[in-house]
Amino acid sequence: MKISAGEIRVGMLLEYKNDLWQVLKTQHVKPGKGGAFAQVEMKSVNKNTKLNERFRSSETVEKASVEENLYNYLYENDHNYFFIEPKTFEQLEIKKNIIGEKGKLLTENLEVSINFFNDSPISVELPNQVKCIIENTDVALKGQTVSSSYKPAILVNGLNIQVPPFIEAGDEIIVDTRNLEYIKKV
């Protein structure tokens, strides 16, 4: 689907120069002399490279048609994560490098949203919040103020995060999957 340069928004996926690009930043510029343009910073979904591009307002770009489906997480092996489509029971495997660090937050039967482009998976979106258990954390130091001091903690899945001083080993907490930050104790 063709869209004008003025319609480009952050988060969109664009087909450009034979690749798939995710828009990171966009700025509409109208100089005193010459035509208006959109300054767009994009990241390649496949090659992990960045590109700054300038599109004139009269130009059009191809917006990628992305299909989104719900899957449940099954298990992992050395190189892949495995998911199942709950209605058709069709299994899908996705390479670990596509999901990255957030893959450690996957738990059995967790419902995730997988985005497909030309029938191949390009990204996995976890729910915004997941429950995790603290495996190990430092002892809180006396005299620290509760409002601003956080201490390092290791979750049972191996992720390192910062938690408030009252959190101890064995506590169940809720973690934000978008930025891997502590939200609250369960």
Side-chain angles (χ1 to χ4, degrees), residues 9-13 20-25 41-50 66-117 120-186:
R9 299 288 175 257
V10 173
M12 276 186 176
L13 289 170
L20 188 63
W21 300 87
Q22 182 174 19
V23 177
L24 301 176
K25 292 180 188 172
E41 184 179 324
M42 304 180 287
K43 179 181 176 188
S44 172
V45 172
N46 304 318
K47 299 174 189 154
N48 220 14
T49 57
K50 283 188 178 177
V66 177
E67 188 181 330
E68 186 176 310
N69 291 331
L70 294 176
Y71 280 77
N72 289 349
Y73 173 70
L74 288 175
Y75 63 95
E76 68 177 292
N77 66 12
D78 293 341
H79 306 290
N80 300 311
Y81 292 109
F82 292 86
F83 299 88
I84 190 165
E85 210 280 328
K87 293 180 186 88
T88 63
F89 300 108
E90 176 187 335
Q91 282 197 24
L92 172 72
E93 62 182 81
I94 297 179
K95 298 219 176 287
K96 285 189 172 183
N97 62 348
I98 291 176
I99 300 173
E101 274 288 296
K102 292 181 182 179
K104 292 181 178 179
L105 293 171
L106 290 170
T107 55
E108 196 172 322
N109 282 332
L110 181 70
E111 189 174 69
V112 297
S113 174
I114 300 178
N115 294 316
F116 292 88
F117 177 72
S120 63
I122 56 168
S123 69
V124 176
E125 293 175 23
L126 279 68
N128 290 343
Q129 300 177 354
V130 293
K131 288 182 181 177
C132 296
I133 296 173
I134 301 287
E135 182 177 288
N136 187 2
T137 185
D138 294 343
V139 177
L141 300 173
K142 286 189 175 187
Q144 286 185 324
T145 57
V146 176
S147 61
S148 65
S149 65
Y150 277 74
K151 62 182 182 177
I154 300 171
L155 304 176
V156 290
N157 55 24
L159 278 176
N160 292 318
I161 66 165
Q162 296 290 318
V163 296
F166 60 85
I167 300 293
E168 297 172 2
D171 286 352
E172 190 173 20
I173 63 168
I174 293 181
V175 176
D176 189 326
T177 59
R178 296 165 291 191
N179 52 19
L180 301 177
E181 289 181 356
Y182 166 86
I183 295 179
K184 67 179 182 178
K185 183 177 176 178
V186 179

Notebook entry, point to check: Step by step, would you call L24 with K50 a side chain to side chain contact (heavy atoms under 4.5 Å, CB included)?
Noted result: CA-CA 9 Å; L24 301 176; K50 283 188 178 177; 3.6 Å; yes
Next item on the list: Would you check, one step at a time, whether the test side chain to side chain contact (heavy atoms under 4.5 Å, CB included) holds for R178 with N128?
Entry: CA-CA 6 Å; R178 296 165 291 191; N128 290 343; 3.5 Å; yes
Next item on the list: Please step through side chain to side chain contact (heavy atoms under 4.5 Å, CB included) for the pair V23 and R9, ending with a clear verdict.
Entry: CA-CA 7 Å; V23 177; R9 299 288 175 257; over 6 Å; no
Next item on the list: Dump the intermediate steps for side chain to side chain contact (heavy atoms under 4.5 Å, CB included) on L106 and Y81, then the final yes or no.
Entry: CA-CA 9 Å; L106 290 170; Y81 292 109; 3.8 Å; yes
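Judged purely by distance below 3.5 Å, without hydrogens or angles, the side chains of E67 and N115 never pair a donor atom with an acceptor atom.
Interatomic distance, SG of C132 versus CD1 of I154, reported as 13.5 Å (0.5 Å rounding). From E168, atom CD reaches atom CG of N136 across 12.0 Å, with rounding to the nearest 0.5 Å. Here the OH atom belonging to Y150 is positioned 9.5 Å from the CD atom belonging to Q162, to the nearest 0.5 angstrom. The CD1 atom of I98 sits 9.0 Å away from atom CG of N80, with the distance rounded to the nearest 0.5 Å. Rounding to the nearest 0.5 Å gives a distance of 12.5 Å between CD1 of I183 and NZ of K131. Taken to the nearest 0.5 Å, the OG atom of S123 stands 8.5 Å off from the CD1 atom of I94.
The salt bridge (charged side-chain N to carboxylate O under 4.0 Å, His left out) search around K185 returns D171, not counting sequence neighbours. Annotation: ring pair (Phe, Tyr, Trp, His ring centres under 6.0 Å) contacts of Y73 (sequence neighbours excluded): F83. Annotation: salt bridge (charged side-chain N to carboxylate O under 4.0 Å, His left out) contacts of E85 (sequence neighbours excluded): none.
The shortest non-hydrogen separation linking P86 to Y71 is CD-CA, 4.2 Å. Between E108 and L74 the shortest heavy-atom distance is CG-O, 4.1 Å. When all heavy atoms are compared, the tightest approach of I167 to T137 is O-CG2, 3.7 Å. Among all heavy-atom pairs drawn from T177 and P127, the shortest one is OG1-O, 2.5 Å. Pairing each heavy atom of E135 with each of A169, the nearest pair is O-CB, 3.6 Å.
Panel note: side chain K96, backbone N77; a donor-acceptor pair is recorded below 3.5 Å.
The closest side-chain heavy-atom distance from I161 to L155 is below 4.5 Å. V124 is not listed as a side-chain neighbour of S113, based on a closest heavy-atom distance of 4.5 Å or more. Counting heavy atoms from C-beta outward, N157 and L105 have side chains that approach closer than 4.5 Å. Between I84 and F89 the shortest side-chain heavy-atom distance falls below 4.5 Å.
Taking the six-membered ring for Trp and thresholds of 30 and 60 degrees, F82 and Y75 have nearly parallel ring planes, at less than 30 degrees apart.
The number of heavy-atom neighbours closer than 6.0 Å to NZ of K43, taken from other residues, nucleotides and ligands shown, is 12 or below.
Residue I173 is tested with I133, V186, V163 for a side-chain contact (heavy atoms from CB on, under 4.5 Å); the sole match is V163.
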